Asker: 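Quick one: structure below, then a few questions.
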Amino acid sequence: MSVNGSSEMPVFDAIFGLRATRVYEDRPIPPEMLARTLEAATRACSSGNTQPWEFVVVTDRDLKRELKAVMVDAFADIDRQRAQSADELVDGSGRPVTGHAAIESIDVVSALVFVFWNPDRGIRMKGEYEENPDGTLRATRHIPGGRGSSVYPACQNMMLAAHALGVSSLFTTFFGLAEARVRELLHVPPRMFLEAAVFLGYGAEKLGQPRRKPLDEVVHLNAWEVRYEPEVRLP
């Protein structure tokens, strides 16, 4: 299928070419492309097919400015706690590994998609949560996998679909640093859990092909001490 007359890329091209983009142009995503990207998110697998995700899509400029101001303050506090200097917090290509560049783009990025876990649809165990006086829920026990296992695949679907349509993206959890204020600005019911956010827009930074470690450095076969070596060397 195509959107606006342009063919979508094959799935492996989308996977291998996806990059985390932190700097964005001030340009909106066409409504049909945004809808298609969000639809892709809802096609993700989830525990028991409960589909426990809820999305708050922010495109309003004034609201994005408020969110940016909140995160600038939150990061100023975090910066005071960092063990590394600013010069140490860069990757091999010289890009900062912290979220500062993304925060600077909050008010111009086309859309921010806040991803929540709805406990009334998600699979839970008896006594897994207790309600706090303010209506929020508190986890009382550790459950392997947890909430993210049902909402993070939706985020990845969203990012791959966006990339296939020529839209850049970024997955982040840094809005959790100011969760109470974010929830207030978005009028989110107290029972919902903020799990992540995805930036969607048009990148304003040059990014090359992603560099990843080869399979034989990160994959083990049957036991930890045995390195997996593919029979066919991949390009």
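Residue indices begin at 1 and follow the sequence shown. In this text, all values refer to a predicted model and were calculated from it rather than measured experimentally.
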Asker: Less than 4.5 Å apart, side chain to side chain, heavy atoms only: is that true for D73 and D77?
Answerer: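 Answer no - side chains too far apart.
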
Asker: Using 0.5 Å steps for rounding, measure from the CG atom of L185 to the CD atom of E66.
Answerer: 5.0 Å

Asker: Can you list the steps and then say if K68 with E104 is a salt bridge (Lys or Arg N to Asp or Glu O under 4.0 Å)?
Answerer: CA-CA 7 Å; K68 178 178 178 178; E104 286 301 313; 3.6 Å; yes

Asker: Nearest 0.5 Å, please: how far is CG in L186 from CG in L194?
Answerer: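 The CG atom of L186 is 8.5 Å from CG of L194, to the nearest 0.5 Å.
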
Asker: Check W53 against A154 and note the closest heavy-atom contact, atom names and distance.
Answerer: CE3-CB, 3.9 Å

Asker: So, the side chain of T21 versus the backbone of L170: is there a donor-acceptor pair under 3.5 Å, distance only?
Answerer: no

Asker: Can you sort out the partners of D26 under side chain to side chain donor-acceptor pair (under 3.5 Å), two or more places apart, ordered by chain and number?
Answerer: R61

Asker: Nearest 0.5 Å, what's the CG-NE2 distance between D13 and H163?
Answerer: 8.0 Å

Asker: Please name the pair of heavy atoms, one in D216 and one in E229, separated by the smallest distance, quoted to 0.1 Å.
Answerer: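 Minimum heavy-atom contact is CB-CG, 4.4 Å.
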
Asker: Less than 4.5 Å apart, side chain to side chain, heavy atoms only: is that true for H100 and R22?
Answerer: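 Result no, sub-4.5 Å side-chain heavy-atom pair not found.
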
Asker: Side chains of V151 and F193: closer than 4.5 Å at any heavy-atom pair?
Answerer: no

Asker: Do V70 and L177 touch side chain to side chain, with heavy atoms closer than 4.5 Å?
Answerer: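 Result no, sub-4.5 Å side-chain heavy-atom pair not found.
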
Asker: Which heavy atom of L215 sits nearest to which heavy atom of P230, and what is that distance?
Answerer: CD1-CG, 4.3 Å

Asker: For residues 38-45, dump all side-chain donor-acceptor pairs below 3.5 Å to protein atoms at least two apart in sequence or in another chain.
Answerer:
unit_1: E39; atom_1: OE2; unit_2: R43; atom_2: NE; d: 2.9
unit_1: E39; atom_1: OE2; unit_2: R43; atom_2: NH2; d: 2.8
unit_1: T42; atom_1: OG1; unit_2: E39; atom_2: O; d: 2.7

Asker: Group every Ile, Leu, Val, Met, Phe, Trp and Tyr by side-chain heavy-atom contacts under 4.5 Å, then state whether F16 and V11 land in the same group.
Answerer: yes

Asker: Apply side-chain contact (heavy atoms from CB on, under 4.5 Å) to the pair V218 and Y228, showing each step before the final yes or no.
Answerer: CA-CA 8 Å; V218 297; Y228 171 78; over 6 Å; no

Asker: Answer yes or no: is there a donor N or O on one side and an acceptor on the other, between the side chain of R121 and the main chain of Q51, under 3.5 Å?
Answerer: yes

Asker: Roughly how far, to the nearest 0.5 Å, is the OG1 atom of T59 from the CG atom of L34?
Answerer: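 L34 atom CG to T59 atom OG1 measures 8.0 Å (nearest 0.5 Å).
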
Asker: Anything under 3.5 Å between a donor and an acceptor, one on a side chain of residues 137-148, the other on a protein residue two or more places apart or in another chain? List them.
Answerer:
unit_1: R138; atom_1: NH2; unit_2: E130; atom_2: OE1; d: 2.3
unit_1: T140; atom_1: OG1; unit_2: G127; atom_2: O; d: 2.3
unit_1: T140; atom_1: OG1; unit_2: E128; atom_2: O; d: 3.0
unit_1: R141; atom_1: NH1; unit_2: K126; atom_2: O; d: 3.4
unit_1: R147; atom_1: NE; unit_2: E195; atom_2: OE2; d: 2.4
unit_1: R147; atom_1: NH1; unit_2: Y129; atom_2: OH; d: 3.1
unit_1: R147; atom_1: NH2; unit_2: E195; atom_2: OE2; d: 3.4

Asker: With sequence neighbours excluded, tell me which residues meet ring-ring contact (aromatic ring centres under 6.0 Å, His included) with F175.
Answerer: F114

Asker: How would you list, by chain and number, every residue that makes a side chain to side chain donor-acceptor pair (under 3.5 Å) with T136, sequence neighbours excluded?
Answerer: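 For T136 the side chain to side chain donor-acceptor pair (under 3.5 Å) partners, ignoring immediate neighbours, are N132, D134.
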
Asker: Donor-acceptor check, side chain of R19 to backbone of G208, threshold 3.5 angstrom: yes or no?
Answerer: yes

Asker: For the backbone of S150 and the side chain of S47, can you confirm whether one donor and one acceptor N or O come within less than 3.5 Å of each other?
Answerer: no

Asker: Can you find a pair of side-chain heavy atoms, one from Q156 and one from L18, that are under 4.5 Å apart?
Answerer: yes

Asker: Side-chain contact, heavy-atom cut-off 4.5 Å: P119 with M192?
Answerer: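 Yes - at least one pair of side-chain heavy atoms lies under 4.5 Å apart.
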
Asker: Does any N or O in the side chain of R27 come within less than 3.5 Å of the main-chain N or O of G201, such that one atom is a donor and the other an acceptor?
Answerer: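 The answer is no, because no donor-acceptor pair under 3.5 Å joins these two groups.
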
Asker: Assess the residue pair Y24 and S110 against the criterion (side-chain contact (heavy atoms from CB on, under 4.5 Å)); give the C-alpha distance rounded to whole Å, side-chain angles, the decisive distance to 0.1 Å, and a yes or no.
Answerer: CA-CA 8 Å; Y24 290 86; S110 303; over 6 Å; no

Asker: So among V108, I106, D60, D107, which one has a side chain to side chain contact (heavy atoms under 4.5 Å, CB included) with R65?
Answerer: D107

Asker: Do L112 and F199 come within less than 4.5 Å of each other through their side chains, counting heavy atoms only?
Answerer: yes

Asker: If I take atom CZ from residue F171 and atom OH from residue Y152, how far apart are they, to the nearest 0.5 angstrom?
Answerer: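 Going from CZ on F171 over to OH on Y152, the span is 4.5 Å.
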
Asker: Tell me, which pairs form a salt bridge (charged side-chain N to carboxylate O under 4.0 Å, His left out) where one or both residues lie in residues 151-168, sequence neighbours left out?
Answerer: none

Asker: Is there a side-chain contact between V56 and H187, using heavy atoms and a 4.5 Å cut-off?
Answerer: no

Asker: Are F55 and V115 close enough, and set up right, to give a side-chain contact (heavy atoms from CB on, under 4.5 Å), and what steps lead you there?
Answerer: CA-CA 5 Å; F55 305 106; V115 183; 4.0 Å; yes

Asker: What distance separates F174 CZ from E179 CD, expressed to the nearest 0.5 Å?
Answerer: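 One finds 14.0 Å between CZ of F174 and CD of E179.
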
Asker: Please find the pair of heavy atoms, one from L200 and one from V167, that lie closest to each other, and give the distance.
Answerer: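 Nearest heavy atoms, L200 then V167: C-CG1, 4.2 Å.
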
